[in-house]
Trainee: 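Encoded as structure tokens, here's the structure I'll be asking about.
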Amino acid sequence: MHWRENPFLLTKILATVGPACNTPEKFAEMIKSGVRVARINFSHGSFEDFEQSLNVVREASKQTGIPIGVLGDLCGPKIRTKEFEHGGIVLNSDDSVRIVADESVIGNRCEESGVSTISTNYGLMVDEIKPNERIFINDGAVRLRVNSICGEGKEKYLDCQCIVGGLVSNKKGINLPDSDISTPSVTDWDKECVTWAVKHDLDYLALSFVRTAVDISTLNALLRQHGCDNNGRGGRKHLPIIAKIEKPQAIDDLDRICEKANAVMVARGDLGVEMDMAEVPVIQKKIIARAHDWGKPVIVATQMLQSMINEATPTRAEVSDVAGAIMEGADAVMLSGETAVGRYPLEATAVMARTARITEKEASRERSHQHSKPPKKLQENKRRTPALAHGVSVIVRDLQAKYVVVWTELGGTAQYMSQNRLCVPIIALSADQRTLRQMALFFGVFPMYMDRPNDSQELTAALDKLMLLYAWSDVGEPVVVCQGEPLGTPGITNTIRIHYVGDVQRMDWHDEEEESKQISSDTIAQKILDQ
Ligand SMILES: Nc1ncnc2c1ncn2[C@@H]1O[C@H](COP(=O)(O)OP(=O)(O)OP(=O)(O)O)[C@@H](O)[C@H]1O
Ligand SMILES: CC(=O)C(=O)O
């Protein structure tokens with residue numbers, strides 16, 4: 001157990017798994033310094049690779065005793081270049097470039113004519129793009145403009161002119177910022193990945209290039225075919241969906257996307273290509289605020305500590321970026337290439353955790369002067385658990401309680417508590433391993449396994465022992481406890497208790513002692529620990 005080594009970092013850190021951190025020992029070190037969710041990117045590698053990454057994470061989680069959520073990142077309708085004769089070609093400004101319909105063509109550059117040919121994994125794009133529209137390759141590093149559409153059937157191609165030159169190599173991403181493309185939101189490859197994810201018990205699925213809330217419903221329908229249910233649950237497996245916001249169309253449907261998805265991600269890599277990069281910071285702030293209105297966790301991703309792929313220290317601007325996202329209210333911050341292929345994965349995690357710790361303290365201080373603001377849309381819905389969570393935030397403030405403790409079957413209560421930004425650790429106890437892993441994404445929530453107690457009394461006794469064992473609390477300090485009554489029924493959190501650590505035992509034992517003899521806090525603590 002490393003709870004004491006790295007106590008209560010409220011902000012959640014996601015790390016992308018890749019060759020740079022692909023051993024249980026390395027990943028365990030990253031967990032110890034603050035990583036709580038591992039991202040497997042289905043864009044890179046085979047099912048064998050994904051299985052190996054998953055085993056690494058699960059083993060590291062076992063070694064550290066800390067529940068780690070695993071997120072499978074579905075590629076969605078991402079268009080990519082296919083293969084080239086020598087792995088790639090260099091384009092120069094004004095070069096003539098053909099994007100061909102035939103997906104089997106190997107890309108090349110004809111030295112005689114100077115014309116370059118590129119094939120893609122979406123041949124139909126030649127039917128859907130119009131003259132004058134732009135084609136961005138490799139995160140916008142290389143840019144083309146379409147002159148005209150030529151040929152027929154398999155021979156059809158887009159005749160383009162290169163505006164910004166550079167290297168174009170195998171499997172590089174293509175963005176079409178001016179075009180309306182009808183690729184399915186969940187591709188055949190995504191479907192295979194979903195089957196794999198369900199079979200291997202992943203904890204989250206992220207969907208790339210979400211355009212409207214309908215895309216979330218499409219994935220949910222597919223998950224239902226696999227026996228999952230993200231709404232009513234009804235005893236079925238819960239596999240929450242994270243909507244990646246990286247298309248301008250998604251911003252137009254943000255409210256419905258936040259309502260339908262279980263969490264959202266500000267995927268700044270593609271967002272910064274699909275629209276003017278200069279707009280991204282303002283959009284990020286808006287997405288974070290909107291996700292909070294709906295009580296959904298929000299992750300800020302991409303290039304957070306990009307220079308650490310090659311350098312042992314980040315730039316000041318990168319550190320400021322991490323801090324800025326946390327001040328704006330991000331629940332989680334993500335590392336991509338930094339941990340997947342970078343030279344300093346552990347250092348990157350440590351910098352992120354240190355920055356988060358200092359920033360969240362300041363953010364909490366600022367919030368403590370404001371009135372608690374529960375998520376607007378949840379409050380409008382007038383449901384029991386969000387109202388209860390709001391009540392807890394007021395009690396925590398009035399009593400200056402140091403912890404909130406919830407007993408949760410499915411994690412819903414922990415999520416509502418998290419969204420109220422209590423600014424104190426929420427210790428979320430559960431006997432369900434999947435629930436524990438899924439709660440790893442929630443800001444301020446610390447999932448911990450506990451055998452299911454039979455009743456409130458047993459829960460209180462176990463809680464006291466936990467508090468004293470880890471020296472989180474002293475006897476007599478207040479802890480706010482939330483649970484369902486009777487204990488163990490999912491979806492009925494209906495009780496808030498203000499418990500003083502050791503209280504029940506203090507009274508019991510006091511009766512046994514002679515009337516005049518005061519029993520000390522130290523004696524009570526010792527008796528609880530000895531039980
Ligand atoms: N498992 C992996 N194996 C090899 N290289 C990887 C792996 N994961 C990531 N990378 C490399 O690190 C870079 C950044 O990682 P990231 O996961 O953000 O990929 P990406 O392709 O940029 O993201 P996305 O597919 O979400 O747009 C990738 O472009 C790729 O070159
Ligand atoms: C994370 C991701 O997919 C992006 O930033 O584009």
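Count residues from 1 along the sequence.
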Trainee: With side-chain contact (heavy atoms from CB on, under 4.5 Å) as the criterion, how do E128 and Y122 come out once you've worked through the C-alpha distance, each side chain's angles and the decisive distance to 0.1 Å?
Mentor: CA-CA 11 Å; E128 299 182 12; Y122 187 59; 2.9 Å; yes

Trainee: Checking Q161 side chain against R145 main chain: does a donor-acceptor pair fall under 3.5 Å?
Mentor: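 No, because the side chain of Q161 does not come within donor-acceptor range (under 3.5 Å) of the backbone of R145.
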
Trainee: Does N41 use its side chain to pair, donor to acceptor, with the backbone of H44 at less than 3.5 Å?
Mentor: no

Trainee: H200: which residues meet the ring pair (Phe, Tyr, Trp, His ring centres under 6.0 Å) condition with it, sequence neighbours left out?
Mentor: W196

Trainee: Can you name the nearest heavy-atom pair linking K26 to A20, along with the distance?
Mentor: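 Minimum heavy-atom contact is CD-O, 3.5 Å.
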
Trainee: Does some side-chain heavy atom of T339 sit less than 4.5 Å from a side-chain heavy atom of M30?
Mentor: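 A side-chain contact exists here, since the closest heavy-atom pair is under 4.5 Å.
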
Trainee: side-chain contact (heavy atoms from CB on, under 4.5 Å) between V105 and T117: does it pass, once the steps are laid out?
Mentor: CA-CA 8 Å; V105 166; T117 303; 4.0 Å; yes

Trainee: Between the side chain of E318 and the main-chain N/O of T315, is any donor-acceptor distance below 3.5 Å?
Mentor: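 Judged by distance alone, yes, a pair lies under 3.5 Å.
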
Trainee: For D102, does its backbone N or O pair with a side-chain atom of S119 as donor and acceptor, under 3.5 Å?
Mentor: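 No; judged by distance alone, with no hydrogens or angles, the pair does not exist.
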
Trainee: Is NZ or CZ of K12 both nearer than 6.0 Å to the six-membered ring centre of F446 and within 45° of the ring axis?
Mentor: yes

Trainee: Give me the atom names and distance for the closest heavy-atom approach of C160 to I135.
Mentor: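 Answer, listing the atom of C160 first, then I135: SG-CD1, 4.1 Å.
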
Trainee: May I ask you to check whether over 12 heavy atoms, not counting those of M327, lie within 6.0 Å of atom CE?
Mentor: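 Correct, the count exceeds 12.
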
Trainee: Nearest 0.5 Å, what's the OG-CZ distance between S418 and F442?
Mentor: 7.0 Å

Trainee: Is the backbone N or O of V298 less than 3.5 Å from a side-chain atom of D331, with the two atoms forming a donor-acceptor pair by type?
Mentor: yes

Trainee: Report the C-alpha distance between S217 and N220 in whole Å, list the side-chain angles of each, state the deciding distance to 0.1 Å, and finish with yes or no for side chain to side chain donor-acceptor pair (under 3.5 Å).
Mentor: CA-CA 5 Å; S217 305; N220 258 325; 6.0 Å; no

Trainee: Measure across P177 and F136 and return the closest heavy-atom pair with its distance rounded to 0.1 Å.
Mentor: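 In terms of heavy atoms, the two residues are closest at CG-CE1, 3.8 Å.
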
Trainee: When rounded to the nearest 0.5 angstrom, what distance separates CG in L74 from CZ in F42?
Mentor: 6.0 Å

Trainee: Could you check if a side-chain atom of E274 sits within less than 4.5 angstrom of a side-chain atom of E246, using non-hydrogen atoms only?
Mentor: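 Counting from C-beta outward, E274 and E246 never come under 4.5 Å.
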
Trainee: Any luck finding a side-chain donor-acceptor pair between R39 and T16 under 3.5 Å?
Mentor: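 Short answer, yes.
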
Trainee: Can you check whether E259's main-chain N or O pairs, donor with acceptor, with K296's side chain at less than 3.5 Å?
Mentor: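 Yes, K296 side chain to E259 backbone: donor-acceptor pair under 3.5 Å.
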
Trainee: Give a yes or no on whether a salt bridge exists between R211 and D253, defined as a side-chain N under 4.0 angstrom from a carboxylate O.
Mentor: no

Trainee: With no hydrogens and no angle check, just 3.5 Å: does a side-chain donor-acceptor pair link H238 and N230?
Mentor: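 Per modelled atom types, H238 and N230 side chains form a pair under 3.5 Å.
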
Trainee: Please determine, by modelled atom types, if D215 and T218 share a side-chain donor-acceptor pair under 3.5 angstrom.
Mentor: no

Trainee: Check whether any side-chain heavy atom of Y157 sits under 4.5 Å from a side-chain heavy atom of I99, and report yes or no.
Mentor: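 Y157 vs I99: side chains apart.
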
Trainee: Mind jotting down which residue pairs meet the ring-ring contact (aromatic ring centres under 6.0 Å, His included) criterion with at least one end in residues 167-193? Sequence neighbours excluded, please.
Mentor: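 Qualifying pairs: F47-W189.
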
Trainee: Side chains of R80 and S43: do they bring a donor and an acceptor to under 3.5 Å?
Mentor: yes

Trainee: Output, in order, the C-alpha distance, side-chain angles, deciding distance and verdict of side chain to side chain donor-acceptor pair (under 3.5 Å) for R437 and S61.
Mentor: CA-CA 10 Å; R437 297 196 303 264; S61 167; over 6 Å; no

Trainee: Short question: side chain of S208, backbone of G76 - any donor-acceptor pair under 3.5 Å?
Mentor: no

Trainee: Within the distance-only criterion (no hydrogens, no angle test), does the side chain of T355 pair as donor or acceptor with the backbone N or O of V351 below 3.5 angstrom?
Mentor: yes

Trainee: Could you report the tightest heavy-atom contact between N310 and Y344, atom names first, then the distance?
Mentor: O-CE1, 3.4 Å

Trainee: If the threshold is 4.0 Å, N to carboxylate O, is there a salt bridge linking K78 and D190?
Mentor: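 No salt bridge links K78 with D190.
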
Trainee: Would you say T81's side chain and K172's backbone share a donor-acceptor pair under 3.5 angstrom?
Mentor: yes

Trainee: Determine, for R290 against D255, whether the closest basic-nitrogen to carboxylate-oxygen distance falls under 4.0 angstrom.
Mentor: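 The answer is yes: the pair qualifies as a salt bridge.
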
Trainee: With no hydrogens and no angle check, do the side chains of E409 and T435 hold a donor and an acceptor under 3.5 Å apart?
Mentor: no

Trainee: Could you tell me the separation between the CE atom of M448 and the CG atom of L436, rounded to the nearest 0.5 Å?
Mentor: 10.0 Å

Trainee: Can you list the steps and then say if D203 with R36 is a salt bridge (charged side-chain N to carboxylate O under 4.0 Å, His left out)?
Mentor: CA-CA 12 Å; D203 306 305; R36 289 296 176 270; over 6 Å; no

Trainee: If you look at every heavy atom in A356 and L9, which pair is closest and at what distance?
Mentor: CB-CD1, 4.0 Å

Trainee: Taking atom CG of N170 as the centre, report whether more than 12 heavy atoms of other residues, nucleotides or ligands fall under 6.0 Å from it.
Mentor: yes

Trainee: Is there side-chain contact between L176 and R134, with at least one heavy-atom pair below 4.5 Å?
Mentor: no

Trainee: Could you pull out all residues at least two apart from K191 that satisfy salt bridge (Lys or Arg N to Asp or Glu O under 4.0 Å)?
Mentor: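 K191 satisfies salt bridge (Lys or Arg N to Asp or Glu O under 4.0 Å) with no residue once adjacent residues are dropped.
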
Trainee: Are a donor atom and an acceptor atom from the side chains of E133 and S179 found within less than 3.5 Å of each other?
Mentor: yes

Trainee: Less than 4.0 angstrom from a charged side-chain N to a carboxylate O is my criterion; do D270 and K244 meet it?
Mentor: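 Answer for the salt bridge query: no.
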
Trainee: How long is the straight-line distance from CG of L202 back to CD1 of I40, given to the nearest 0.5 Å?
Mentor: 5.5 Å

Trainee: Looking at OG1 of T183 and CG of L124, how far apart are the two atoms once the value is rounded to the nearest 0.5 Å?
Mentor: 9.5 Å

Trainee: Do I68 and I31 have side chains that approach each other closer than 4.5 Å (heavy atoms only, starting at C-beta)?
Mentor: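 Yes. Closest side-chain heavy atoms under 4.5 Å.
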
Trainee: Please determine whether a side-chain nitrogen of the Lys or Arg among D201 and K237 lies less than 4.0 Å from a carboxylate oxygen of the Asp or Glu.
Mentor: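 Salt bridge present between D201 and K237.
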
Trainee: Taking E360 for the side chain and L10 for the main chain, is one N or O donor matched with an acceptor at less than 3.5 Å?
Mentor: yes

Trainee: Given the rule in the side-chain contact (heavy atoms from CB on, under 4.5 Å) test, do V70 and Y204 qualify, once you have shown the distances and angles that lead to the verdict?
Mentor: CA-CA 6 Å; V70 178; Y204 287 95; over 6 Å; no

Trainee: Mind listing the closest non-hydrogen atom pair of M417 and V392 along with its distance?
Mentor: CE-CG2, 3.9 Å

Trainee: Can you tell me if NZ on K286 sees more than 12 non-hydrogen neighbours from other groups inside 6.0 Å?
Mentor: no

Trainee: Looking at CE of M439 and OG of S430, how far apart are the two atoms once the value is rounded to the nearest 0.5 Å?
Mentor: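 The OG atom of S430 is 5.5 Å from CE of M439, to the nearest 0.5 Å.
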
Trainee: Using a strict threshold of under 4.0 Å (side-chain N to carboxylate O), is an ion pair present between K285 and E328?
Mentor: no

Trainee: Give me the one residue out of R268, R316, Q284, Q303 that meets side-chain hydrogen bond (donor to acceptor under 3.5 Å, both in side chains) with D321.
Mentor: R268

Trainee: Within a strict 4.5 Å, meaning less than it, do heavy atoms of the V142 and V164 side chains meet?
Mentor: no

Trainee: Just wondering, do L305 and V322 contact through their side chains at under 4.5 Å, heavy atoms?
Mentor: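 V322 reaches L305 side chain to side chain.
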
Trainee: Is there a side-chain contact (heavy atoms from CB on, under 4.5 Å) between L158 and V100? Walk through the geometry before answering.
Mentor: CA-CA 6 Å; L158 303 173; V100 298; over 6 Å; no

Trainee: Would you say the side chain of V333 lies within less than 4.5 Å of the side chain of I299, judging by non-hydrogen atoms?
Mentor: no

